[in-house]
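Before any comments, here is the structure.
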Amino acid sequence: MAIHVTGGSGASEVVEAIRGSILEAIPNAEVRVSTGGPGHFEIRVESPVFEGQRRVQQQQLVYGAIAHLMAGSDAPVHAVDRLECVSP
Amino acid sequence: MSLDEATRSRISELVESKEVVLFMKGNPQSPQCGFSARVVKILDAYLPEYSTLDVLSNPDIREGLKSYSSWPTIPQLYVRGEFIGGCDIITEMSESGELFEALGVEPPPEVVPTLHITDKAAAGLRQAAEQNASGAGQQLRLSVSTSFESALSVGSKAKLDIEVESNGVTLLVDRLSAQRAEGITIDIIDTPRGPGFKVDNPNAPSKGELSVQDLKQLLDTDEKFELLDVRTPREFETARIEGAHLLDEAEYERIQALPKDTKIVLFCHHGPRGANMADQLLAAGFTNVHNVVGGIEAWSDEIDASVPRY
């Protein structure tokens, strides 16, 4: 039977990694990340860059920024339960 | 994460080969995940056919898609090569009416269906609207799926919605549902779980009747179907037709989870209970439901005398 290993990174480190990666891609963003269950996160990003974009484009921008954290079967980010993108 | 060139070009070939391509878990007949199932159900209402690819049997594509679209989850919908979105976005676009344009489908014309809401149901609907309306602009909605499954809900009005009034109650009906809603009657009936709305749709396929000879013939073929005995456990102990399952609560739950086009044959002692259950299953969205005329009595009379009569 497979045992699910969340890896060495604690939830707070992952939260910081998510924040950092999003800020790197969208420097002027206001980012809030909260944890759900193990590997599950909720993200809210506010940035003028989202203005005029369709919802799918906004979310692609964020997902693209954290793709490396979601890659592979033992990824620190297993799922984003909620992703909210707003323009101020 | 990098996406190798071979996988990338395979994905672009796939999404550009057909007008509409859905990457999903499983196939439309048996989706392997609730999100994929929901998108299939939505697309079925818009398109007679579209192309799907099961990522569970294509792990390279599944992994590659994440980078290809900057989207971490399945399902993913593409139209003319362009990524449209995943489950939440498709659902939202369907509710708002945007999906017509995105799929290149002309919305059906605004034809207002005639609905009949009984006095009892009208009072119930008004009460339900008050209880569920969380904010301003919330209205009652009637939807009818492609398998004629009706649903009442509360939501806000979208651009292409049609407002239908009956007995002082106004319901929102989307353009696709409206095509299947002409002549619907909404009533309140007593069910084992208390009073509930009953939506009677004359456009829904009607139940078929099966003679005991038809049933015998059907049992002798390889055709797959569910033979369900709707009598009581005590009657089931007394006499039974070989191969039939007693439709108890657990069995009913199993049946409800089956694809809606599963062939179902019902029987009881003489016929009426089977006919009632057929109505219930049709109302739940099943489209291939049959009742055995004369029930098990006719079976022992005409087919198998070894089945005790009682």
Side-chain angles (χ1 to χ4, degrees), chain A residues 2 6-7 9 14-15 17-26 29 31 33-45 47 49-50 52-87, chain B residues 1-4 7-8 11 15 20-23 25 33-36 38-39 42 55-56 58-103 158-159:
Chain A
T6 43
S9 34
V14 181
V15 165
I18 294 172
R19 267 180 56 81
S21 303
I22 295 173
L23 282 170
E24 214 170 287
I26 318 169
V31 184
V33 182
S34 51
T35 51
H40 287 244
F41 298 87
E42 297 191 357
I43 305 173
R44 183 183 188 278
V45 184
S47 163
V49 86
F50 293 139
Q53 285 190 337
R54 287 184 292 127
R55 192 169 158 221
V56 60
Q57 295 169 322
Q58 300 173 338
Q59 297 195 5
Q60 277 175 311
L61 204 57
V62 178
Y63 281 134
I66 60 169
H68 59 287
L69 299 169
M70 301 187 79
S73 52
D74 57 351
V77 179
H78 178 69
V80 176
D81 293 337
R82 195 180 144 82
L83 173 56
E84 199 186 345
C85 301
V86 284
S87 57
Chain B
M1 191 193 46
S2 65
L3 170 61
D4 66 80
T7 311
R8 173 181 291 278
I11 294 173
V15 299
V20 177
V21 181
L22 177 69
F23 294 92
K25 294 182 182 173
C33 131
F35 300 109
S36 290
R38 202 195 311 168
V39 173
I42 292 173
V55 299
L56 296 178
N58 293 276
D60 294 354
I61 302 260
R62 178 184 183 174
E63 203 52 38
L65 275 172
K66 294 183 184 177
S67 307
Y68 187 84
S69 55
S70 289
W71 201 260
T73 51
I74 303 294
Q76 294 190 9
L77 178 68
Y78 292 78
V79 178
R80 288 180 290 275
E82 190 199 347
F83 176 58
I84 302 297
C87 183
D88 286 353
I89 286 179
I90 305 300
T91 305
E92 217 177 79
M93 289 174 83
S94 178
E95 284 166 0
S96 70
E98 289 166 88
L99 197 55
F100 285 110
E101 204 189 322
L103 292 171
K159 208 172 73 185

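Atom set for the values below is all heavy atoms of this structure, side chains included, hydrogens, waters and symmetry mates excluded. In this text the structure is predicted, and so the values were computed from the model without any measurement. By convention in this document, chain letters (A, B, ...) are assigned in the order of the sequence lines, proteins followed by strands, and residues within each chain are numbered from 1.
- Taking all atoms of both residues into account, the shortest heavy-atom contact from A:M70 to B:K66 is O-NZ, 3.8 Å.
- Contacts of A:Q57 with chain B are absent, with no heavy-atom separation under 4.5 Å from either backbone or side chain.
- To the nearest 0.5 Å, atom CG of residue B:D88 and atom CD of residue A:Q59 are 7.5 Å apart.
- No more than 12 heavy atoms of other residues, nucleotides or ligands sit less than 6.0 Å from atom CZ of B:F35.
- Heavy-atom neighbours of B:R80 CZ from other residues, nucleotides or ligands within 6.0 Å: above the threshold of 12.
- The distance from the CZ atom of A:R54 to the CE atom of B:M93 is 6.5 Å, given to the nearest 0.5 Å.
- B:F83 and A:V56 get closest at one heavy-atom pair: CE2-CG2, 3.5 Å.
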